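The block underneath contains the structure these notes are about, expressed in structure tokens.
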Amino acid sequence: GKGTFDAGAVVFVQDRTWPGRNDPGGVARILEVHPGDGEEEGTTYTVKYVIEPRKESGVEERYVSLHRDYMSPLKADIL
């Protein structure tokens with residue numbers, strides 16, 4: 001299926017840092033959308049971070065949210 005976000009969207013990627021994984025997130029622009037097979041694999045994204053010169057591919061959709069949503073205080077209370 002199609003991803004929630006389109007290439008060019010500015011999003012917030014959550015930090016994915018736990019034992020065995022160390023992928024800090026941040027504000028990023030989506031470069032590529034990689035639709036999953038709809039069953040086990042979900043959509044993943046290739047992103048380029050805005051603050052630092054770094055790209056990351058294979059970012060799972062569940063860790064991505066619209067940047068403006070992330071900034072709203074209401075959402076921050078829930079997280």
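The chain is numbered in sequence order, starting from 1. Everything numeric here is computed off the predicted structure, so don't read it as measured data.
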Open item on the list: Working to the nearest 0.5 angstrom, can you tell me the gap between Leu66 CG and Phe5 CZ?
Closed with: 4.5 Å
Open item on the list: Measuring only between side-chain heavy atoms, which start at C-beta, is Val27 closer than 4.5 Å to Val10?
Closed with: yes
Open item on the list: Test of understanding: with side chain to side chain contact (heavy atoms under 4.5 Å, CB included), list the residues that count as partners of Arg54, not counting sequence neighbours.
Closed with: Pro24, Tyr49, Glu52, Glu56
Open item on the list: How close do Val13 and Ala28 get, counting heavy atoms only, and between which atoms?
Closed with: CG2-CB, 4.2 Å
Open item on the list: Less than 4.5 Å apart, side chain to side chain, heavy atoms only: is that true for Glu61 and Thr44?
Closed with: no
Task: Residues that Thr46 engages under side chain to side chain contact (heavy atoms under 4.5 Å, CB included), provided they are two or more places apart - done: Leu31, Glu32, His34, Ser57
TODO: List for me each residue that meets side chain to side chain contact (heavy atoms under 4.5 Å, CB included) alongside Arg21, sequence neighbours excluded, and say none if there are none.
DONE: Arg16, Trp18, Asp23, Glu60, Tyr63
